[in-house]
Q: 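Take this structure first; my questions come after.
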Amino acid sequence: MRVSEIMLATRVQIRPGDTIRRAVELLQASRLNGVPVVDDQGKLIGYFSKSHLYDCLLQSVDIDSTIEKHYIREVVSACEDTTYDSLEALSQWLQSCRVGQTIVVNRDNEPIGVATQAGTVLELLDRTDYLFRELSGVIENVPAGILATSDTGMVTMANQYAKNILGGVQTGRYIGDYLQELERDFSPVTSGNWMLPRKIEHNALKLIATAVPIYQHTKNKGIIFVVQDMTDVEGVAHELETVKELKVTLETVLEVAYEGVAVLDEAGMITLVNARFCNKIGKAKDNIIGENINRFIPLSDNQMPLSVLEINAKPCVVSTLPITKEGNTKGVVVKIYEDLDNLADIVQQINRINMQLNYYKDELYKVNGTSYTVGSIVCRDERIATLKSQVLQVGRSNSTVLITGESGTGKELFAHSIHNASNRRKEPFIKVNCSAIPAELAEAELFGYEDGAFTGARRQGKPGKFELADGGTIFLDEIGDMPQALQSKLLRVIQDKEIERVGGVKGRKVDVRIIAATNRDLKRMVAEGIFREDLYFRINVVELKIPPLRERRSDIPLLADTFIRKYNKFLTRRVEGIAEDALEALTGYGWPGNIRELENIIERMLNYRESGLIELQDLPEEIVGRPGGMTAKATQTLAIMEMETIQAALAEAGGNKSKAARLLGISRSKLYEKLGNGQ
């Protein structure tokens, strides 16, 4: 502490030419034992104390005479910067100081205050009290029992830890009441025989105790005992042993690493290295540990994770990986890879492996790839043509797609086309029919299960459809029939991109594009509470609405011709096409089963006809009315439906008959003919 911290600040001073009366007034006003005497520049030159005043009075000196002959010249003073490093040093100063107060001067020897013994004693007591409280706090929080005794073994202090393990230690009691080995004789401790730790027992507890004598002026004033439960000590020792084993394991792992590896602390100091790192640097391990990494590798504060740096005049690939804890960087792992020449060979090998992998992916795609592309969708209808353009656009993104339309309109065909138009086309395409999976098995089927998740589960567990589709596309057909319990779990998968197997406790990240399809009105189902609203908005990012076949009658001739070619090849037939009256009947039919129904009818007819044209009598009864031909009512109905189709095409073409004829798949003259018949 500094003298300036314990002094009483005062500017009271007197000059040699001042009177004794003036000195009396200053002493009375300041209540000091003396007044510093200064020269004309304010420098300390002497000291006039009360004892000097008493001498003047006894000698009958005139009170109005000056103090010139009556003050002391050899004054004791202390500079304000004087420090005492410890309480012991301050105490020694108090004991050796022969004056009641000491003048305190600044660096220019000007008096600025006084340090009195009384003030110093109070400061000393205050500091002692603070240190006592500080020491008491430390003693109470030390994870060990601490007791203090007098030189005769009477307990003077014990912390809570000691009271707990020794059973309520009380001050004023003999230490031998708690430590049986000292029950009858305290002299081994005072003679120093307990300096080293020793094992003792107390109430069936195994303890370790150490005794340290307290000396004052070479005389033993007491003993400090430190007592610990061996269970705690053994636990710490076990943890230390575990840490040592982990350190050996880590060092072993580093040594077998192919790269040169160094571990840095927060300040960039090297704490661990392997032999390969030492070889690259060209220094022994002892000369590397504890040094800053920049002595060997020129790393910057904004170092790239992977960069080429020059080490010992040789370019090397260096990577850095931060070690983080709770978001804070605690260190860095630095790797030095093999020389660039060797690395180039490795890169070439990797490139060859990637080329082989891509080749096998292409071959696997040819065998197991999805069946349909945008080219598989045949149409003359402009709405379908627009949908085909949208498929190509949507295919380039990873957004979730919802395909809606009646049963049989070709929703799966569009799902295949989207997958094949994406960069995932060589990855898996997994189809899930949500209406065909039993509710109790749906979760395990979609997300998989772990070993022993339920009775009958495979021993190794099983991946679900989402895991199988990782990197590719999953097609959730008939999603409107998905059980409600599963809808919330599907929503979580879409949001978190993570699945959790049945019976599992750890999530698995999956990269899957979802395409959903349904023939149900999901909006109505949401309003009725059958389908989750939040899931509906999640899957309805991009919606493709496929019109039913009855709204795209112009596509019927083209579709029929496509199916004839398909089943000619499949059934080894030579059917050339469809007769005009039969085609009119097909075009006028309502097609509740849509394209699937049309394909089934074409396949059925080719089972009975081997060549030539499909005639009207070849058509099924539900299309022509009865086997022998259409009834008058059926013919009239067909004519009405035909005229409605023509009017719809004209409306769509804006009255342009050439365009309407193209939409209907007939010639312009044929359209005029039918319009004439209709009129």
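Reckoned from all heavy atoms, side chains included, excluding hydrogens, waters and symmetry mates. Note that the structure is a prediction, hence the values are computed from the model and not measured.
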Q: Is the closest side-chain heavy-atom distance between Leu26 and Arg22 below 4.5 Å?
A: yes

Q: Are the side chain of His52 and the backbone N or O of Ser49 linked by a donor-acceptor pair below 3.5 Å?
A: yes

Q: Using only atom types and a distance under 3.5 Å, with no angle test, would you say the side chain of Asn274 pairs donor to acceptor with the backbone of Ala262?
A: no

Q: Has the side chain of Asn164 got a donor or acceptor atom that lies under 3.5 Å from a matching backbone atom of Gly145?
A: no

Q: Rounded to the nearest 0.5 Å, what separation is found between the CZ atom of Arg538 and the CD1 atom of Ile494?
A: 7.5 Å

Q: Distance-only, no hydrogens or angles: does the Ser77 side chain make a donor-acceptor pair with backbone N or O of Ile103 under 3.5 Å?
A: no

Q: Just checking Lys509: does its NZ atom have more than 12 heavy atoms from other residues, nucleotides or ligands closer to it than 6.0 angstrom?
A: yes

Q: Please evaluate residues Val333 and Thr320 with respect to the criterion side chain to side chain contact (heavy atoms under 4.5 Å, CB included), reporting the C-alpha separation (whole Å), side-chain torsions for both, the decisive distance (0.1 Å), and the verdict.
A: CA-CA 6 Å; Val333 176; Thr320 55; over 6 Å; no

Q: Minimum heavy-atom separation for Arg276 and Gly260, please, with both atom names.
A: CB-CA, 3.8 Å

Q: What's the spacing between Thr102 OG1 and Met7 CE if we round to 0.5 Å?
A: 13.0 Å

Q: Please report the closest heavy-atom contact between Ala158 and Lys163, naming both atoms and the distance.
A: O-CE, 3.5 Å

Q: Go through Val263 and Thr271 one step at a time and tell me if the side chain to side chain contact (heavy atoms under 4.5 Å, CB included) criterion holds.
A: CA-CA 6 Å; Val263 181; Thr271 58; 3.7 Å; yes

Q: Would you mind reporting whether Leu53 and Leu27 have side-chain heavy atoms less than 4.5 Å apart?
A: yes

Q: Side chains of Thr149 and Tyr174, heavy atoms from C-beta outward: is any pair under 4.5 Å?
A: no

Q: Is there a side-chain contact between Ile14 and Pro36 in this structure, where contact means two heavy atoms from C-beta onward sitting under 4.5 Å apart?
A: no

Q: Is there a donor-acceptor pair under 3.5 Å between the side chain of Thr10 and the backbone N or O of Val12?
A: yes

Q: Using side chain to side chain contact (heavy atoms under 4.5 Å, CB included), reason through Ile336 and Ile311 one step at a time and then give a plain yes or no.
A: CA-CA 9 Å; Ile336 305 177; Ile311 301 174; 3.7 Å; yes

Q: If you measure from CZ on Arg21 to CG on Asp62, what distance do you get to the nearest 0.5 Å?
A: 8.5 Å

Q: Asp229 and Leu207: which non-hydrogen atoms are nearest, and at how many Å?
A: CA-CD2, 3.9 Å

Q: Donor-acceptor check, side chain of Asn292 to backbone of Asn294, threshold 3.5 angstrom: yes or no?
A: yes

Q: Could you tell me whether the side chain of Asn159 and the main chain of Ile146 form a donor-acceptor pair under 3.5 Å?
A: yes

Q: Taking the six-membered ring for Trp and the full ring for Phe, Tyr or His, determine whether the centres of Phe447 and Phe466 are under 6.0 Å apart.
A: yes

Q: Answer yes if the side chains of Asn287 and Glu291 hold a donor-acceptor pair under 3.5 Å, and no otherwise.
A: no

Q: Locate the shortest heavy-atom distance separating Tyr47 from Tyr71; write the atom from each residue and the value.
A: O-CB, 3.6 Å

Q: Just to verify, what does Glu68 make a salt bridge (charged side-chain N to carboxylate O under 4.0 Å, His left out) with, not counting sequence neighbours?
A: Arg73

Q: Give, for atom CD of Glu110 and atom CZ of Arg11, the distance between the pair rounded to the nearest 0.5 Å.
A: 6.5 Å

Q: Do you know the tightest heavy-atom contact between Ala115 and Val104?
A: N-CG2, 3.9 Å

Q: Determine whether more than 12 heavy atoms belonging to other residues, nucleotides or ligands lie under 6.0 Å from atom NZ of Lys50.
A: yes

Q: Is the closest side-chain donor-acceptor distance between Asn106 and Asp108 under 3.5 Å?
A: no

Q: Run Arg513 and Ser397 through side chain to side chain contact (heavy atoms under 4.5 Å, CB included) and show every step you take.
A: CA-CA 9 Å; Arg513 182 185 195 169; Ser397 74; 3.5 Å; yes

Q: Give me the atom names and distance for the closest heavy-atom approach of Tyr215 to Asn220.
A: CD2-N, 3.7 Å

Q: Taking Gln487 for its side chain and Arg532 for its backbone only, find out whether a donor-acceptor pair lies under 3.5 Å.
A: yes

Q: Flag the pair Glu80 / Val105 as yes when at least one side-chain heavy-atom distance between them is below 4.5 Å, and no otherwise.
A: no

Q: Donor-acceptor pair, Asp185 side chain versus Leu182 backbone, under 3.5 Å?
A: no

Q: Can you name the residues that form a salt bridge (charged side-chain N to carboxylate O under 4.0 Å, His left out) with Glu467, not counting sequence neighbours?
A: Arg501, Arg508

Q: Is there side-chain contact between Gln28 and Glu25, with at least one heavy-atom pair below 4.5 Å?
A: no

Q: To the nearest 0.5 Å, how far apart are CG in Leu147 and OG1 in Thr156?
A: 9.0 Å

Q: Heavy atoms, side chains only, cut-off 4.5 Å: are Val212 and Phe225 in contact?
A: no

Q: Taking side chain as C-beta onward, heavy atoms only, is Ile72 less than 4.5 Å from Phe48?
A: no

Q: If you measure from the Lys or Arg side-chain nitrogens to the Asp or Glu carboxylate oxygens, is any gap between Arg107 and Asp81 under 4.0 Å?
A: yes

Q: Could you tell me whether Lys43 and Asp39 make a salt bridge, using a distance below 4.0 angstrom between a side-chain N and a carboxylate O?
A: no

Q: What residues form a side-chain contact (heavy atoms from CB on, under 4.5 Å) with Thr152, not counting sequence neighbours?
A: Ser150, Met154

Q: Would you compute the distance between atom NZ of Lys283 and atom CD1 of Ile289 and round it to the nearest 0.5 angstrom?
A: 14.5 Å

